[in-house]
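Have a look at the structure below before the remarks.
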Amino acid sequence: MNKISFGQFASLLLASDAFALICYSNKISLATLWGFLISVSIQFIISLILTKRSIPADNKFLLWIYLFSALIWGTLLFIRVWNISKAIYIPVPEIKFLPENLIISALIAVVCLYASSPGIKAVSRASVMTAGFGVFCFITIILGSFKNIDTSNLFIAGNSKISGQIISGFAVGGSFCILPFLISQLNASRIKSTVFYFACRSVFYTAVIILTLLVTGGIMQITEFPVMRAVELCQPFSSQRIDALFIILMVILAVMGIAVQTVTASQIIEMLFPKFQRFKSTAIIIIMILLSLVLGNTDIYSSAYALIFMISPVLTAILIFFKKGAERK
C-alpha cells in the first residue's frame with residue numbers, strides 16, 4: 001500500500017475542510033469560530049489516541065464504518081457543489097433531459113476518476129500543489145480586503161447558540177471520518193502529522209471566519225454564502241476580479257475532496273472484497289451522486305451528519321484503548 005508524508009496527510013484532509021467552509025451557508029459570528037475550534041479540539045484529542053496504533057486490517061466492521069462515512073462525506077461534497085452553483089456562474093453544456101446538477105456532477109466525476117485512478121500517492125502529491133495554490137489565493141484575498149474591513153463587524157451577534165455551532169463544526173469537518181484510515185498509511189511521525197494537520201485547520205478556520213466577519217458582517221443577514229461573498233468584495237486589482245481565480249480554486253478543492261473520498265473508499269472496498277479490482281472508483285462515484293439526489297434536501301449541518309463523522313474515529317479510539325488495556329493485563 002502506498003505511504004503518504006505528513007505534509008500530504010494534512011493536505012489531503014484540508015482540501016475538503018476548505019471546500020466545506022467556503023460553501024458554508026449559515027450565518028457566521030464569533031460564536032461560529034468558537035464552536036468550530038471546540039469541535040476541532042475534541043477531534044484532536046480523539047486523534048491522539050488513534051496515533052498509538054494502526055487499525056486492524058481484518059476488522060471488517062470498522063472497514064464498513066469507514067466506507068459508509070467516506071461515501072456520506074463525498075455525497076455531501078457533491079451537494080455543496082450543487083448548492084454553491086446557485087450563487088456563482090459555472091459554465092456547463094446544456095443537455096436535454098439532464099438537469100444542470102447532474103451535468104456538473106458528471107464533469108466533476110470524470111476529473112475525479114482521472115485523478116484517483118493512480119491511487120492515493122498521486123492524489124496526495126496533487127493535494128500539496130493545491131494547498132500551495134490555496135495559500136497564494138488566500139494571501140491575495142487578504143491584500144484586497146483591507147479597504148473593506150470594518151472591525152465593528154466582529155461584535156455582531158449571531159442567531160445560533162455555541163452548542164449549535166459545535167455541531168455545525170463537526171458536520172463541516174467530515175474529513176475527520178477518514179482520518180483513522182489515512183493515519184495507518186503514514187510513513188512519518190503520526191503525532192507530528194496529526195498536530196500539524198489540526199494546527200493548520202485551526203489557523204485556517206480562524207483566518208477565514210475572522211476575515212469573513214470583518215468584510216461581510218454588515219450584510220451577513222442577507223448573504224447566503226458568507227465566505228464566497230467576502231471573496232467577491234475583496235478585489236486587490238482594479239482590472240481583474242479575484243473571485244474568478246477563487247472559483248478555480250474552489251473547483252479544484254471540490255475535485256480534490258471528492259477524489260480523496262473516492263480513493264479511500266476504493267482501498268477499503270479492495271480490503272473487503274479482494275476480487276473486486278475493476279471499476280471500483282466508478283461505482284463509488286455513481287453511488288455518491290445517487291445518494292446526493294436522495295439527501296440533497298437534508299440539512300447538511302445537522303447533528304445526524306455530525307454524529308456520522310464522529311462514529312469511525314470514536315469506535316477506532318475505543319478499540320485501541322481497550323486493546324492496549326488488555327495487553328497490559
Side-chain angles (χ1 to χ4, degrees), residues 1 12-17 19-20 23 43 50 55 57 59-83 101-102 104-117 119-120 123-124 127 170-185 253-316:
M1 184 178 291
L12 286 168
L13 292 167
L14 284 170
S16 54
D17 289 333
F19 179 68
C23 298
Q43 291 176 343
L50 302 178
I55 64 169
N59 192 320
K60 292 192 175 182
F61 175 73
L62 272 182
L63 291 176
W64 277 109
I65 295 293
Y66 295 151
L67 177 60
F68 173 75
S69 302
L71 287 173
I72 293 297
W73 183 231
T75 295
L76 295 190
L77 292 178
F78 267 115
I79 292 174
R80 284 177 165 87
V81 173
W82 296 356
N83 291 343
N101 286 349
L102 288 181
I104 293 173
S105 299
L107 294 174
I108 289 178
V110 170
V111 180
C112 285
L113 286 173
Y114 177 78
S116 61
S117 57
I120 189 69
V123 175
S124 61
S127 69
F170 286 129
V172 168
S175 59
F176 184 56
C177 68
I178 64 168
L179 184 141
F181 190 78
L182 291 181
I183 280 181
S184 67
Q185 301 186 51
L253 290 173
V255 171
M256 190 59 59
I258 295 172
V260 172
Q261 311 313 309
T262 303
V263 170
T264 303
S266 179
Q267 289 185 343
I268 295 171
I269 286 178
E270 190 170 339
M271 296 170 72
L272 290 169
F273 307 101
K275 294 183 179 180
F276 189 7
Q277 296 294 326
R278 301 182 63 186
F279 307 115
K280 297 189 299 292
S281 297
T282 303
I284 289 163
I285 289 183
I286 290 174
I287 291 172
M288 288 180 183
I289 294 176
L290 292 176
L291 285 174
S292 301
L293 295 173
V294 175
L295 302 176
N297 293 323
T298 59
D299 180 8
I300 59 177
Y301 307 114
S302 67
S303 55
Y305 289 123
L307 178 62
I308 288 173
F309 302 138
M310 290 294 290
I311 288 176
S312 62
V314 169
L315 284 179
T316 307

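- Residues in residues 286-307 take part in these ring pair (Phe, Tyr, Trp, His ring centres under 6.0 Å) pairs, two or more places apart or across chains: Y24-Y301.
- Side-chain contact between L76 and I79: present, with at least one pair of heavy atoms (C-beta onward) separated by less than 4.5 Å.
- Residues in residues 261-270 take part in these salt bridge (charged side-chain N to carboxylate O under 4.0 Å, His left out) pairs, two or more places apart or across chains: E270-K280.
- Residues meeting the side-chain contact (heavy atoms from CB on, under 4.5 Å) test with V314, sequence neighbours left out: I46, M310, I318.
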Review point. Going through the checks in order, is the side-chain contact (heavy atoms from CB on, under 4.5 Å) test met by T316 and I65?
Key: CA-CA 10 Å; T316 307; I65 295 293; over 6 Å; no
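- Considering only heavy atoms from C-beta on, S16 comes within 4.5 Å of L77 through its side chain.
- Contact detail for D17 and L13: the closest heavy-atom pair is OD2-O, 3.1 Å.
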Table please: side-chain donor-acceptor pairs of residues 285-293 below 3.5 Å, with sequence neighbours left out.
from : atom 1 : to   : atom 2 : distance (Å)
S292 : OG     : T75  : O      : 3.3
S292 : OG     : M288 : O      : 2.7

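- Under the ring-ring contact (aromatic ring centres under 6.0 Å, His included) criterion, F309 pairs with W73, sequence neighbours left out.
- Here S312 contributes atom OG and F181 contributes atom CZ; the two are 11.5 Å apart, rounded to the nearest 0.5 Å.
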**Study point:** Verdict with supporting geometry, Y66 and M271, side-chain contact (heavy atoms from CB on, under 4.5 Å)
**Key:** CA-CA 12 Å; Y66 295 151; M271 296 170 72; over 6 Å; no
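- Nearest heavy atoms, A171 versus S302: CB-O, 4.1 Å.
- Rounding to the nearest 0.5 Å gives a distance of 13.0 Å between CZ of R80 and CG of L253.
- A ring pair (Phe, Tyr, Trp, His ring centres under 6.0 Å) check over residues 281-300, counting only residues at least two apart or in different chains, returns nothing.
- Within the 4.5 Å cutoff, the side chain of L12 has no heavy atoms near those of the I178 side chain.
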Exercise for review: Could you walk me through whether I284 and S266 pass the side-chain contact (heavy atoms from CB on, under 4.5 Å) test, one step at a time?
Suggested key: CA-CA 7 Å; I284 289 163; S266 179; 3.9 Å; yes
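- Note that OG of S69 and CG of L179 are 12.0 Å apart. Values are rounded to the nearest 0.5 Å.
- Using a 4.5 Å heavy-atom cutoff, the side chains of F170 and L307 are not in contact.
- Put simply, the side chain of L50 reaches to within 4.5 Å of the side chain of P313, judged on heavy atoms.
- Contact of the V123 side chain with the M256 side chain is registered, since non-hydrogen atoms from C-beta on lie closer than 4.5 Å.
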